[in-house]
Participant: 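Just dropping this structure here.
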Number of protein chains: 2
Amino acid sequence: MIGPRLSLPHATMLAYLTTDAQVPAALLRKLLQEAADASFNAVTVDDQTSTNDTACLLASGASAAKLDSPRAARAFAAALNDVCQSLAYQIAADGEGATKVVTILVEGATSQEAARTIARSVANSPLVKTAMHGNDPNWGRVLCAAGMTDQPFDPAKAVLSLQDTLVFRHGQPVSFDAARVSQAMKAPEVRVRLNCRIGKGSATCWTCDLSREYITINADYHT
Amino acid sequence: MIGPRLSLPHATMLAYLTTDAQVPAALLRKLLQEAADASFNAVTVDDQTSTNDTACLLASGASAAKLDSPRAARAFAAALNDVCQSLAYQIAADGEGATKVVTILVEGATSQEAARTIARSVANSPLVKTAMHGNDPNWGRVLCAAGMTDQPFDPAKAVLSLQDTLVFRHGQPVSFDAARVSQAMKAPEVRVRLNCRIGKGSATCWTCDLSREYITINADYHT
């Protein structure tokens, strides 16, 4: 090692993927970029990138299996996506101080890019993340974070559910059993589902809750 | 009240400023925008906006004093900036769980906009904010947050000081008394000064440290 330590304190991500299929490098690169955008680039613990963040896909060709049909290519891409999403999910679950994974599904945005931006804004909101930690079905914090971005969003049209319970629509909260939803939020995964109802873009983002342990890990650590 | 409660859990900012000078509304608006950009829009506790965030400047004209010379206009603008910056500073000091203010001065960026973006990225970094809480002179977290934005930044050119002690230049940390700087960081205000040395843009941003108390306030609060 040369010794650049700029990103050492961070949760640097190093993902190494291998396959024994025979796949041309250019196709591998395209498939990995698409898989990474829907997995590694869709996971955030504290939104802090590292200069070391790496996803690397190697194909040995040892099996002599080729992606010689559209069906084979689709099957390979689907398997690659599954592996990457599983790894991304594990990153969120293993986040500093995490007690649960929070899966944010945004649907009905004006584009996939808009959906990703909105999902990431919700995922990075310290107010959403602390509400998740406190098992608080706080629809206001989710909608506020969704509305903070530069992408189109209309709270009057949005429909929000937490742990599959509808909590907000038509611009206002619906009547729901907050104690029951709060109890359901104590699970290892909380699902936030937000339908913007203004388009066809969708995206999923994974994060974790924000706990006192995150502060302990990062404030008590000294260089 | 009508009752929109979307932003209630947030640290909504309501700033009301008054003057007895006679100032045309258009000029007041221009001066307030400039003052707000360098004060309210430069303070962040957790980067969560509220739909209620308001800065309002009223001129009664009761004193009959007019901004009838460039000098008088400059004096009024300077006083307005001073008041707004004092209020913004108090917002950071009063942040949820704050034990100190962190003042981030970015100089030598390619533009004022670039400097503001870089300063805000440093101010919003949970890793920087927890390091400040732990009195850790962690130059790596500051530089990493500064380099994360879409604005030009070169760590090989940047010069960083913490509490007026030089800690990084020429692409590497300098030898400094970490224990002494850590002790100095226990003050009510920590000054982070980053000279990018690639342009003439500068900006100041205010934030606070990130403590366990922030989690307590926001995770234990229930709607």
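Please read these numbers as outputs of a predicted model, since none were measured by experiment. Within every chain, numbering begins at 1; the chains are lettered A, B, ... in the order of the sequence lines, protein sequences first and strands thereafter. The figures here come from the full heavy-atom set of this structure, side chains too, leaving out hydrogens, waters and symmetry mates.
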Participant: I'd like to know which of A/S121, A/A131, A/P126, A/G171 tops the heavy-atom pair count under 4.5 Å against chain B.
Facilitator: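 Max contact count across the listed options: A/P126.
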Participant: Checking heavy atoms, do the side chain of B/S182, its backbone, both or neither come under 4.5 Å from chain A?
Facilitator: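 For B/S182, side-chain heavy atoms alone lie under 4.5 Å from chain A.
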Participant: If you count heavy-atom pairs under 4.5 Å with chain A, which of B/T216, B/N124, B/D209, B/D47 comes out on top?
Facilitator: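 Most heavy-atom pairs under 4.5 Å with chain A: B/T216.
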Participant: Would you say that more than 12 heavy atoms from the other residues, nucleotides or ligands in this model lie under 6.0 Å from the CZ of B/R169, or not?
Facilitator: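 12 or below, so no.
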Participant: Looking at A/R193, I'd like to know if its CZ atom is crowded, meaning that more than 12 non-hydrogen atoms belonging to other residues, nucleotides or ligands lie closer than 6.0 Å.
Facilitator: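 Open: at most 12 neighbouring heavy atoms sit under 6.0 Å from CZ of A/R193.
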Participant: Pick one: which of B/T130, B/L210, B/D136, B/N138 meets side-chain contact (heavy atoms from CB on, under 4.5 Å) with A/N218?
Facilitator: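 Filter result, single survivor: B/T130.
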Participant: Where does A/N135 contact chain B at under 4.5 Å (heavy atoms): side chain, backbone, both or neither?
Facilitator: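 A/N135 touches chain B through backbone heavy atoms alone.
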Participant: Select one option (side chain, backbone, both, neither) describing which atoms of B/D46 are under 4.5 Å from chain A's heavy atoms.
Facilitator: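 Both backbone and side chain.
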Participant: To the nearest 0.5 angstrom, please state how far the CE atom of B/M148 sits from the OG1 atom of A/T49.
Facilitator: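 Atom-to-atom, B/M148:CE and A/T49:OG1 are 4.5 Å apart.
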Participant: Would you say that A/Q48 contacts B/C144 through its side chain, given a criterion of any heavy-atom pair below 4.5 Å between the two side chains?
Facilitator: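 A side-chain contact under 4.5 Å is absent here.
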